[in-house]
Amino acid sequence: MGAAMRRIHVGNALSAFGLGFTVPYLYVYVAQVRGLGAMTAGLVLAVFAVAALIVLPFAGRAIVRRGPLPVLLAALVTAAIGALSLGLSSGAASVLLSAAALGAGQAVMQPALATMIVDCSTMETRSRAFAMQFFLQNLGLGVGGLIGGHLVDTTKAGSFTLLFSLEAVMFLLLVAVMATVRMPRAPRIEGAPAQSARGSWKELLGNRAMVQLCVLGFVLFFACYGQFESGLSAYGVEAAGISTSTLGTALAANTLVIVVAQFAVLRFVERRKRTRVIASVGLIWAVAWAVAAYAGLGNGSQAMATAAFVSTYALFGLGEAMLSPTLAPLVADLAPAGMAGQYNSAFALVKQLALAVGPAVGGPMGASLHGPYVVTFLLFSLGITALAVRLGRQLTDVQNHPSAVRSRVVAQGNASAEQAAAHV
């Protein structure tokens, strides 16, 4: 890794570490510590999603016009202001405004950092760069949540103020780190149409492969991340009799599998077509939902149900580890020169939309309609496999299996050299 990429990865770790401090405790802080009630706490969580949906369509155009680094620095300052003011707020209006600032800044960080990774990597190193990003994000969230849990005290509002202040400090520290990054010039294609440089949404929607990838991404995030802390946890408690401490164990198992398996599966992923990897993730998640069905609907003991439920989260983690070096590089390779920011923002928008819709659909189903819930999302997982196979027909060999193309080029180059030597 070059110096710029190392700083980008440090930035990913710091931002995830800061978010890990507060995200698990936001509901408790608003509803109980500030005494604003469950309704306001729910609105705060909704504001995060709404703020992201509002700013992301503009973030892509800003990244294309200004570059990812200035946009990232502005997002970090906005998030720091939001975090600090959230820790000091005591009224509903100020809490909601602070949450909007934090949510908007956090949402814009994702495509800006992803675009920086694209600009600082090559097709050969991109999968490993995004795998490292995902690894550090999960490690940062896990460590931040663990430390934050030891700092908070629901009887002392000051402990939460300290927590949000530390999060703001992490964002400002990240500003200092990222300000030292020297970004390479983004590649430009001579004679490219001017519309491409302007980051036109119309042009993006005209890219059939990108549209299909966005549909696939929505289903992926809806059927996995959108269920973690809503439908699946409600299903575990109501149908499988899982305790809240076991829910924490299941989430820890998910993070542990990602951290352990991320680089173990990387070589396997790099040698195979990207759409086949995504299709296999759909099958793995279908197995995960079948295991979840056994946990909640089977006739086994409570110990077996608990083990099955924890295994469900672990299987989801394995699929996530396979997706991280696959999805983001594919988005980058589908983007025309200079349009990576627009494409990354569009994909982040799809993710946020899935994360907003997923809990709203999965939460009530997981709590009351146990059988239909697991069957529905098992079918969604099989749908991921079908959509991935269909997407593969829209991609070129370079987009779908870049390592094989590079291997053929190297082999042809070596053969040409041997022929030339024999001729001499």
Side-chain angles (χ1 to χ4, degrees), residues 16 19-20 23-25 27 131 134-146 149 219-265 278 280-298 300-324 327 351 354-355 358-359 361-363 365-367 370-371 373-382 384-385:
L19 290 171
V23 170
Y25 316 107
Y27 183 91
F134 191 67
F135 170 82
L136 291 174
Q137 281 179 342
N138 280 275
L139 190 62
L141 284 170
V143 174
L146 183 63
V219 178
L220 279 165
F221 296 121
F222 176 77
C224 177
Y225 298 97
Q227 304 308 313
F228 270 6
E229 297 176 3
S230 58
L232 190 54
S233 59
Y235 169 82
V237 171
E238 299 294 339
I242 301 299
S243 65
T244 53
S245 61
T246 302
L247 284 177
T249 302
L251 287 168
N254 174 266
T255 303
L256 180 62
V257 168
I258 291 171
V259 170
V260 172
Q262 183 63 83
F263 296 102
V265 304
I278 299 171
S280 64
V281 170
L283 295 177
I284 291 172
W285 286 356
V287 173
W289 284 108
V291 173
Y294 170 79
L297 307 175
S301 64
Q302 185 59 46
M304 291 295 293
T306 299
F309 191 75
V310 173
S311 298
T312 299
Y313 275 80
L315 287 169
F316 274 119
L318 178 60
E320 292 174 76
M322 295 171 66
L323 285 176
S324 62
L327 276 180
K351 179 180 179 179
L355 294 181
V361 175
M365 287 187 67
H370 303 147
Y373 176 69
V374 291
V375 170
T376 297
F377 284 94
L378 190 152
L379 293 176
F380 266 109
S381 298
L382 295 177
I384 290 169
T385 300

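In what follows, every heavy atom counts, from backbone to side chain, and hydrogens, waters and symmetry copies are set aside.
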Kindly give the heavy-atom pair with the smallest separation between [X] and [Y], and that separation in Å.
X: Ala308; Y: Ala295; result: CB-CB, 3.8 Å
X: Val374; Y: Ala293; result: CG2-CB, 4.0 Å
X: Ala288; Y: Phe316; result: CB-CE1, 4.2 Å
X: Ala240; Y: Ala305; result: O-CB, 4.3 Å
X: Ala131; Y: Ser324; result: CA-OG, 4.1 Å
X: Gln302; Y: Gly241; result: NE2-O, 3.4 Å

State, with a plain yes or no, whether a side-chain heavy atom of [X] is found less than 4.5 Å away from one of [Y].
X: Asn254; Y: Val310; answer: no
X: Met304; Y: Tyr294; answer: yes
X: Leu232; Y: Tyr313; answer: yes
X: Thr376; Y: Val361; answer: no
X: Tyr373; Y: Glu238; answer: no

Which distance, rounded to the nearest 0.5 Å, do you find between the [atom1] of [X] and the [atom2] of [Y]?
X: Leu318; Y: Ser311; atom1: CG; atom2: OG; result: 12.0 Å
X: Lys351; Y: Leu327; atom1: NZ; atom2: CG; result: 10.0 Å
X: Phe134; Y: Gln262; atom1: CZ; atom2: CD; result: 6.5 Å
X: Phe309; Y: Ser233; atom1: CZ; atom2: OG; result: 7.0 Å
X: Leu382; Y: Leu283; atom1: CG; atom2: CG; result: 7.0 Å

Who passes side chain to side chain contact (heavy atoms under 4.5 Å, CB included) against [X], sequence neighbours left out?
X: Val287; result: Val291, Leu315
X: Leu256; result: Val260
X: Ala314; result: Val257

All ring-ring contact (aromatic ring centres under 6.0 Å, His included) counterparts of Phe221, not counting sequence neighbours
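ring-ring contact (aromatic ring centres under 6.0 Å, His included) check on Phe221 returns Tyr225, Phe347.
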Can you name the ring-ring contact (aromatic ring centres under 6.0 Å, His included) partners of Phe222, sequence neighbours left out?
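Phe222 satisfies ring-ring contact (aromatic ring centres under 6.0 Å, His included) with Phe218, Phe377, Phe380 once adjacent residues are dropped.
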Any chance you could lay out the side-chain contact (heavy atoms from CB on, under 4.5 Å) test for Met322 and Ile284, step after step, and finish with the verdict?
CA-CA 10 Å; Met322 295 171 66; Ile284 291 172; 3.6 Å; yes
